[in-house]
Amino acid sequence: AYATRHGAEEEVLTILQLYKSVYEDLLAVPVIKGKKTEKEKFAGGLYTTTVEAFIPTSGRAIQGATSHCLGQNFAKMFGIEYEAR
């Protein structure tokens, strides 16, 4: 859980870049970073990001990994509170 939406969004983008690096630098599989549609996103989340790989034989893409921005939705649902800094 994050105290601010900004903190949650930073984490989502950091993890997305980590996924991209694993695919491209370790596995030698090129991927494209993107954002899922409202219908495809994680239920309860603000948005979902993804890395997708292209399959040349079929001309389609396959989802490689996702990272979800949950904002404060789940913190509120479970009553998580933050102390003042």
Side-chain angles (χ1 to χ4, degrees):
Y2 288 88
T4 66
R5 179 176 175 156
H6 178 73
E9 289 179 338
E10 280 184 343
E11 180 75 2
V12 167
L13 298 178
T14 298
I15 296 301
L16 186 66
Q17 184 58 45
L18 177 65
Y19 290 153
K20 184 178 190 311
S21 295
V22 167
Y23 272 95
E24 294 186 343
D25 300 337
L26 295 176
L27 303 174
V29 175
V31 293
I32 297 171
K33 294 191 293 187
K35 187 175 176 181
K36 293 290 191 180
T37 67
E38 276 296 308
K39 290 183 179 181
E40 297 172 313
K41 75 174 185 171
F42 181 76
L46 300 177
Y47 61 87
T48 295
T49 59
T50 182
V51 291
E52 312 258 335
F54 179 67
I55 303 172
T57 56
S58 68
R60 295 183 178 191
I62 186 169
Q63 178 179 296
T66 57
S67 182
H68 313 288
C69 183
L70 305 177
Q72 291 89 24
N73 291 348
F74 286 85
K76 290 176 185 174
M77 187 170 73
F78 290 106
I80 296 172
E81 297 179 5
Y82 300 91
E83 293 182 11
R85 292 182 184 204

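In this text the structure is predicted, and so the values were computed from the model without any measurement.
- A donor-acceptor contact shorter than 3.5 Å is absent between the side chain of Y47 and the backbone of H68.
- Note on E52 versus K36: salt bridge recorded, some NZ/NE/NH1/NH2 to OD/OE distance being below 4.0 Å.
- Contact between V12 and T49 at its shortest, heavy atoms only, is CG1-OG1, 3.6 Å.
- The minimum heavy-atom distance between A8 and C69, with the atom names listed, is CB-SG, 4.3 Å.
- For L13, the CG atom is densely surrounded, since the number of other residues' heavy atoms within 6.0 Å is greater than 12.
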(message) Show, in sequence, the C-alpha distance, side-chain angles and deciding distance for I15 and E11, and conclude whether the side chain to side chain contact (heavy atoms under 4.5 Å, CB included) test is met.
(response) CA-CA 6 Å; I15 296 301; E11 180 75 2; 3.9 Å; yes
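- Proximity of a side-chain donor or acceptor of T50 to a complementary backbone N or O of A65 within less than 3.5 Å is detected.
- Within 6.0 Å of atom CG in L18, more than 12 heavy atoms from other residues, nucleotides or ligands are found, so the atom counts as buried in its surroundings.
- Side chain of E10 to backbone of G7: no donor-acceptor contact under 3.5 angstrom is found.
- No side-chain donor from either of Q17 and T14 sits under 3.5 Å from a side-chain acceptor of the other.
- For the salt bridge (charged side-chain N to carboxylate O under 4.0 Å, His left out) test, residues two or more places apart in sequence or in another chain that qualify with E9 are R5.
- Atoms OG and NZ, from S67 and K33 in turn, are 11.0 Å apart once rounded to the nearest 0.5 Å.
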(request) Could you give me the CA-CA distance, side-chain angles and deciding distance for E24 and V31, then say whether side chain to side chain contact (heavy atoms under 4.5 Å, CB included) is met? (result) CA-CA 7 Å; E24 294 186 343; V31 293; 3.8 Å; yes
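- I62 and L16 fall into different hydrophobic clusters, where Ile, Leu, Val, Met, Phe, Trp and Tyr are joined by side-chain heavy atoms under 4.5 Å apart, directly or via other members.
- Of all the heavy atoms in Y19 and T66, the pair that sits closest is CE1-O, 3.1 Å.
- Cluster annotation: F42 and F78 are assigned to the same hydrophobic cluster (Ile/Leu/Val/Met/Phe/Trp/Tyr, side-chain heavy-atom contacts under 4.5 Å, transitive).
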(message) Set out, in order, the CA-CA distance, both residues' side-chain angles and the distance that settles side chain to side chain contact (heavy atoms under 4.5 Å, CB included) for Y23 and V51, then state yes or no.
(response) CA-CA 9 Å; Y23 272 95; V51 291; 4.2 Å; yes
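- Take E81 and apply the salt bridge (charged side-chain N to carboxylate O under 4.0 Å, His left out) test, not counting sequence neighbours, and it matches no residue.
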